[in-house]
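Note that ligands are numbered from 1 as they come in the structure, with each ligand's atoms numbered from 1 the same way. Here the structure is a predicted model, which means the values were calculated and not measured.
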Amino acid sequence: MDKPVAYILNGPNLNLLGSREPAIYGNESLADIEVSTRNRASELGLSLVFRQSNSEGAIVDWVQEAHSKAAGLIINPGAYTHTSIAIHDALIAAALPKIEIHLSNIHAREAFRRKSLTASAVDGLIIGFGAAGYGLALEALRNLIDKRG
Ligand code: DQA
């Protein structure tokens with residue numbers, strides 16, 4: 001049987017991980033995170049699509065694509081978390097298990113980061129565990145996929 005497909009979508013400026021504010025986001029690059037997340041996906045029996053874009057429209061397109069092609073979705077919308085009704089609406093329309101992830105604890109930072117417009121459109125959130133959060137999110141997604149059969 002084919003492995004269930006998990007989409008991991010990363011939003012703006014996450015391509016700069018490793019050099020961008022390492023005290024907040026850590027020293028691992030997005031490529032490093034992709035490698036460790038691919039290893040975890042294969043341990044969990046998931047096939048992984050891992051992408052990043054700085055463009056809100058691309059992320060909306062990919063959420064729509066995940067709706068037809070994936071068994072589950074993990075998204076770090078970056079700063080669009082706090083602004084994007086379009087990504088919120090795309091997530092609502094995508095009827096599959098969904099998890100929002102943030103490297104940093106957005107609730108312990110500036111006031112404008114404490115509100116997530118996308119959080120109400122997902123099943124659960126993994127926040128503040130740095131790069132390790134991606135593996136934790138995959139594990140949680142695998143549980144959700146299994147529960148929904
Ligand atoms: C982030 C938190 C956002 O507030 C910020 O704009 C990001 C990264 C995180 O992973 O901690 O770009 O999503």
Residue set satisfying side chain to side chain donor-acceptor pair (under 3.5 Å) with Ser104, at least two apart, ordered chain then number -> Arg109
Which residues pass the side chain to side chain donor-acceptor pair (under 3.5 Å) test with Asp89, sequence neighbours left out? none
Scan side-chain atoms only and decide if Ser29 and Asp32 contain a donor-acceptor pair under the 3.5 Å cut-off. yes
Enumerate the residue pairs fulfilling salt bridge (charged side-chain N to carboxylate O under 4.0 Å, His left out) with a member in residues 18-30, sequence neighbours excluded, ordered by first and then second residue. none
Distance-only polar pair, side chains of His102 and Glu100, donor-acceptor under 3.5 Å: yes
Give every pair formed by an N or O atom of ligand 1 and a protein N or O atom closer than 3.5 Å, one pair per line with both atom names and the distance to 0.1 Å, or write none.
residue  : atom   : partner : partner atom : Å
ligand 1 : 4 (O)  : His82   : NE2          : 2.7
ligand 1 : 4 (O)  : Arg113  : NH1          : 2.9
ligand 1 : 6 (O)  : Ala79   : N            : 3.2
ligand 1 : 6 (O)  : Arg113  : NH1          : 3.1
ligand 1 : 10 (O) : Asn76   : ND2          : 2.9
ligand 1 : 10 (O) : Leu103  : N            : 2.8
ligand 1 : 11 (O) : Leu103  : N            : 3.3
ligand 1 : 11 (O) : Ser104  : N            : 2.9
ligand 1 : 11 (O) : Ser104  : OG           : 2.6
ligand 1 : 12 (O) : Arg20   : NH1          : 3.1
ligand 1 : 12 (O) : Arg20   : NH2          : 3.0
ligand 1 : 13 (O) : Asn76   : OD1          : 2.8
ligand 1 : 13 (O) : His102  : ND1          : 2.8

Is there a donor in the side chain of Glu56 and an acceptor in the side chain of Asn54, or the other way round, less than 3.5 Å apart? no
